[in-house]
Number of protein chains: 2
Amino acid sequence: MQNLSKNQQIIFDLIDKSPEPLKAYSILFNVQKRGIKAPLQVYRALDKLVEIGKIHKIESRNAFIACQNSSCQISKATAFSICESCEKVTEINNSNLSKYLTSFKDKNGMKYNKYNLEFFGLCKKCVSKKS
Amino acid sequence: MQNLSKNQQIIFDLIDKSPEPLKAYSILFNVQKRGIKAPLQVYRALDKLVEIGKIHKIESRNAFIACQNSSCQISKATAFSICESCEKVTEINNSNLSKYLTSFKDKNGMKYNKYNLEFFGLCKKCVSKKS
DNA sequence: GTTAAATTGTTATAATATAACATTTTGTAA
DNA sequence: TTACAAAATGTTATATTATAACAATTTAAC
Ligand SMILES: [Zn+2]
Ligand SMILES: [Zn+2]
Ligand SMILES: [Zn+2]
Ligand SMILES: [Zn+2]
């Protein structure tokens, strides 16, 4: 693992200490005091961080979270649970699931080298609130 | 199944006969001759069509395809394969997979009621081109 | 027929993301 | 330690995706 560049480190630190996924322009707003002024600077760092597996993009939310699973730094097999009420997102680290999906072969004969899975529902807290 | 409204039908027909996922503004361009002039008209129809399961959104591509699986008209358990070379997208209809994911329970105790899975790789055609 | 719900029409604007180009920094190897 | 290539940065402009707000019309149910 190479070290992160200045902008990459600033942006990773912000995402890593956030309890929730962050959106690109919210990141931009938060790092402007540290000298990062343009969207492109943010997107470039995000692209790199995703590429090296330090963060993941939550596709259904256009938001980014730090990898919570030190073993998935290749970013090619990701799974998340998303609460549709409070929007809490958790990275799922379940070897049964990842084995199942990594070895999954469909009848179309396609060779998969990557997947992304997003589960939606209500987290424990939000379930109990509703009852 | 209720009938579709005029705009919904126009937009569904276009998506349904497209061999590839369509993006919202490409849809807009294509239906302007039929009287649909504004992005919001397209997005409203898309929202409804997704809600009733006639189309699905491919989140990683911001594009829409017709449901290829008549049995999933609730749109709560979707899986796709995406070729990273030619961008061909296919809806996966595999009961083993859907059973596994629908009954999946993680240790976080969350109750899932929906999921979306996207596999990435090279389709048969693109694999053979590279060899 | 009356009413409520769904759909449509329209203008403006917000939010997300990339193009293009110039410069600087960093790592690698003669 | 200089020379070169790769990576990262800085900057302006623009493209793409999506929603807010409000008014009018159509549809379906009672
Ligand atoms: Zn991870
Ligand atoms: Zn919640
Ligand atoms: Zn479907
Ligand atoms: Zn292909």
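Every chain is numbered from 1, with letters handed out A, B, ... down the list of sequences. Atom set for the values below is all heavy atoms of this structure, side chains included, hydrogens, waters and symmetry mates excluded.
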- Message: Ignoring hydrogens and geometry beyond distance, is a side-chain donor-acceptor pair present between A:T90 and B:N108 at under 3.5 Å?
- Response: no
- Item | Ring geometry between B:Y115 and A:F119 (parallel below 30°, tilted from 30 to 60°, perpendicular above 60°) | perpendicular
- Query: Among side-chain atoms of B:E91 and B:N93, is any donor-acceptor pair under 3.5 angstrom?
  - Reply: no
- Query: Within the structure, does a side-chain N or O atom of B:K23 lie under 4.0 Å from either OP1 or OP2 of D:dT16?
  - Reply: no
- Classify the side-chain pair A:N62/A:Y25 by whether it contains a donor and acceptor separated by less than 3.5 Å. no
- Task: Take atom CD1 of A:I11 and atom P of D:dA8, then tell me their distance rounded to the nearest Å.
- Result: 13 Å
- Expressed in angstrom and rounded to an integer, what is the separation of A:I10 atom CD1 from D:dT9 atom C1'? 12 Å
- Counting N and O atoms only, with roles assigned by atom type, does the side chain of B:S98 sit under 3.5 Å from a partner on the main chain of B:S95, one being a donor and the other an acceptor? yes
- Item | Separation of atom CD in A:E51 from atom P in D:dA8, rounded to whole Å | 8 Å
- Note on the structure: note: B:I58, atom CD1; D:dT17, atom P; distance rounded to Å ~ 15 Å
- Could you tell me the separation between the CG atom of A:L28 and the C1' atom of C:dA14, rounded to a whole number of Å? 15 Å
- Query: According to a strict under-4.0 Å criterion, is A:Q8 in side-chain N/O contact with OP1 or OP2 of D:dA8?
  - Reply: yes
- Query: If you measure only the distance, is there a donor-acceptor pair under 3.5 Å linking the side chains of A:S60 and B:E59?
  - Reply: no
- Which parts of nucleotides 18-29 of chain D does protein reach within less than 4.0 Å, heavy atoms only, written one letter per nucleotide 5' to 3' as B for base, S for sugar-phosphate only and - for none? BBBB--------
- Using atom CD of A:Q9 as one end and atom P of D:dT9 as the other, report the distance to the nearest whole Å. 11 Å
- Considering non-hydrogen atoms only, spot the tightest contact between A:N30 and A:L14 and give its length. CB-CD2, 3.6 Å
- Query: Would you say D:dG10 has OP1 or OP2 under 4.0 Å from some side-chain N or O of A:Q41?
  - Reply: yes
- Task: Grab the CG-C1' distance between B:N7 and C:dA6 for me, whole Å please.
- Result: 12 Å
- Think A:S5 has a side-chain N or O under 4.0 angstrom from the OP1 or OP2 of D:dT9? yes
- Query: CD1 of A:I36 versus P of D:dT11: gap in Å, rounded?
  - Reply: 12 Å
- Message: At less than 4.0 Å, is any side-chain N or O atom of B:K6 found next to OP1 or OP2 of C:dT8? Yes or no.
- Response: no
